[in-house]
Colleague: 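Handing you a structure now.
Since we're looking at a predicted model, the values are computed, not measured.
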Amino acid sequence: MLIKKTRSLCPVCGAVLEADIVEEEGKIWIARTCPEHGKFRHVYWSDPEMYHRFEHYDVIGRGVTNPQNPVTSDTCPTACGLCSNHHSGTLLANIDLTNRCNLDCSFCFANARACGFVYEPSFDEIVSMMQMLRNEKPVPTPAVQFSGGEPTMRDDLVDIVKKAKELGFPQVQIATNGVKLANNPVLSQQLKDAGLSTVYLHFDGVTPATNPYLKIHLKALENLNKAGVGVVLVPTIIKGKNDQEVGEILKFAADHISIVRGVNFQPVAFTGAAKDEDLKKERITIPELVGDIETQTNGILKKSDFYPVPCVLPFSDLVEAYTGRPQVRFTAHEHCGAATYVFVTKDGMTPVTRMVDVESLFAAIEQMSNKLKKGGTINKYATLLEGVKELHASFKKGEKGSTAEFWKLIGKTLIGQNFDALREFHWNALFIGTMHFMDRYNYDIERVQRCCIHYATPDGKLIPFCTYNSGPVYREQIWKKHAKKETQ
């Protein structure tokens with residue numbers, strides 16, 4: 001059954017092709033035909049019911065006015081900059097600080113060790129990239145992540161983080177393997193003092209078999225905990241290798257709630273050389289992953305607890321209507337990722353969906369936004385107060401509607417405009433998410449055009465994550481263009 005039309009790539013030659021999203025054999029597929037290389041059909045999502053539930057959160061964003069590369073509609077994905085076909089602003093910007101690395105992992109988006117040259121933008125180039133991000137319109141980029149390679153290989157990393165805070169980024173984070181954080185006890189405190197918000201720590205499992213760097217990660221967590229730097233664990237999930245440990249990874253996170261703020265699972269994307277047999281053995285989709293979470297947590301977390309990224313748009317609309325200022329809008333494609341929150345107490349994990357009826361909460365927030373947008377003589381405070389009564393009904397519908405702590409934090413946030421209260425919420429809660437980045441087999445240009453995670457480049461461009469790392473693979477072009485040396 002045909003669900004919709006889109007465009008994709010030939011997995012052999014990279015040509016842009018018309019494609020169909022179809023439901024067949026109990027799965028969602030992306031199918032296309034290359035005139036030269038024939039027909040291709042690959043799994044897009046493995047659970048039609050979950051796919052269609054997420055479709056209800058389909059929202060097209062307003063894009064950016066700068067930086068923008070004006071092009072015709074048929075040029076995507078070969079004109080990134082962002083191009084005028086792009087529908088989402090930047091939620092998170094990546095800046096590759098280097099392609100040097102101190103590990104040789106079996107899976108690496110960057111393929112850093114195999115380059116044969118050094119890409120390492122200067123401090124001034126990095127500052128220019130950050131200034132571009134903060135000048136983005138209609139909303140400055142709120143979060144920057146320094147990546148690589150391994151960003152801690154830079155001797156000036158602390159200065160870079162400090163400059164990011166000076167430029168006004170509310171959220172500053174690094175994506176790291178943790179080696180230097182483990183071996184250098186003072187580095188975590190130096191980064192904290194410079195303004196680092198969060199460490200995204202590559203963390204593939206809780207046993208030596210799935211995570212050969214486990215001892216390093218434990219030491220890094222110890223040092224980060226002493227410094228008070230929050231951590232998000234980032235496991236790359238490969239079927240048959242570590243998918244059997246997703247439940248234990250969540251238990252590990254809950255046991256380390258004093259330092260771990262979240263787990264962001266990344267189903268493997270086949271960005272390098274891959275064979276059909278690799279896809280069949282190792283591909284895992286978002287529905288399969290959250291199904292594993294449900295099984296391995298004995299139903300504490302269920303598939304139905306997970307929602308797509310755009311589900312939080314009502315909150316952005318509410319703040320925008322209340323303040324009169326454009327806000328960051330979470331307009332990623334609804335099938336790019338899934339997420340939820342759980343509260344961690346001495347009794348274990350309780351999903352936020354047990355505390356609140358999510359659909360009625362979103363409806364109440366949307367109703368408040370619509371009333372605020374009407375303006376006129378409506379008093380904003382009175383509108384919020386009235387809206388809170390509607391919100392309270394959504395809490396009473398939840399399985400644990402008497403959860404006073406959650407209600408108190410929402411009230412402080414909305415009525416008092418005390419958005420620091422959300423930090424309390426995050427301190428007591430664990431974010432659980434999954435983002436499935438694309439490869440040439442499941443590439444959907446409609447998803448590319450809605451991407452909210454962008455790379456900044458030294459030549460002043462913004463490039464969506466999935467074109468930077470797959471498809472056209474802008475990463476290789478950028479790194480080679482700005483290479484500093486011939487060999488490492």
Colleague: Taking K180 first and then E150, would you say they form a salt bridge - that is, a charged N and a carboxylate O separated by under 4.0 Å?
Modeller: no

Colleague: Is there a donor-acceptor pair under 3.5 Å between the side chain of R41 and the backbone N or O of R32?
Modeller: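 Answer holds: no.
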
Colleague: Is it true that a side-chain atom of N242 and a backbone atom of E245 form a donor plus acceptor pair closer than 3.5 Å?
Modeller: no

Colleague: Check whether any side-chain N or O of N66 sits under 3.5 Å from a backbone N or O of K137 as a donor-acceptor pair, and report yes or no.
Modeller: yes

Colleague: How far does OG of S470 sit from CZ of F465, to the nearest 0.5 angstrom?
Modeller: 8.5 Å

Colleague: Between Y474 and Y468, is the ring pair (Phe, Tyr, Trp, His ring centres under 6.0 Å) condition met? List the steps.
Modeller: CA-CA 4 Å; Y474 284 90; Y468 194 77; 7.8 Å; no

Colleague: Got a donor-acceptor contact below 3.5 angstrom from the H87 side chain to the V59 backbone?
Modeller: no

Colleague: At what distance, to the nearest 0.5 angstrom, does CZ of F270 lie from CZ of R283?
Modeller: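 So the gap between those two atoms works out to 5.5 Å.
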
Colleague: Will you find, in the side chains of S122 and D124, an N or O donor that is under 3.5 Å from an N or O acceptor?
Modeller: no

Colleague: Does this structure show an ion pair linking D444 with R7, if we count only N-O contacts that are shorter than 4.0 Å?
Modeller: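 No, this pair does not count.
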
Colleague: When rounded to the nearest 0.5 angstrom, what is the spacing between CE in M129 and CD1 in I95?
Modeller: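 Answer for the CE-CD1 pair, M129 versus I95, is 5.5 Å.
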
Colleague: Is T141 reaching over with its side chain to a backbone N or O of A93, donor-acceptor style, under 3.5 angstrom?
Modeller: no

Colleague: Is it the case that the side chain of H335 and the backbone of Y51 share a donor-acceptor pair, with hydrogens and angles ignored and the cut-off at 3.5 Å?
Modeller: yes

Colleague: Could you measure the distance from the CD atom of Q173 to the OG atom of S147? Nearest 0.5 Å is fine.
Modeller: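 It comes to 10.0 Å.
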
Colleague: Quick check for you: to the nearest 0.5 Å, what is the distance between L82 atom CG and H454 atom NE2?
Modeller: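 These two atoms lie 5.0 Å from each other.
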
Colleague: Begin with the C-alpha distance, continue with both residues' side-chain angles, and end with the deciding distance and a verdict on side chain to side chain contact (heavy atoms under 4.5 Å, CB included) for Y455 and L462.
Modeller: CA-CA 5 Å; Y455 281 85; L462 283 174; over 6 Å; no

Colleague: Looking only at atom types and distance, does a side-chain atom of K165 sit under 3.5 Å from a main-chain N or O of F169, one as donor and one as acceptor?
Modeller: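 Yes, K165 side chain to F169 backbone: donor-acceptor pair under 3.5 Å.
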
Colleague: Is there a donor-acceptor pair under 3.5 Å between the side chain of S84 and the backbone N or O of V71?
Modeller: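 Indeed, once roles are kept as given, a pair shorter than 3.5 Å links the two residues.
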
Colleague: Rounded at 0.5 Å granularity, tell me how far OG1 in T340 sits from CD1 in I432.
Modeller: 7.0 Å

Colleague: Check whether NZ of the Lys or CZ of the Arg R53 lies under 6.0 Å from the centre of the six-membered ring of F306 and within 45 degrees of that ring's axis.
Modeller: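 Cation-pi check for R53 and F306: fails.
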
Colleague: Surrounding NZ of K4 (heavy atoms of other residues, nucleotides or ligands, distance under 6.0 Å), is the total greater than 12?
Modeller: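 Atom NZ in K4 is packed in, count exceeds 12.
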
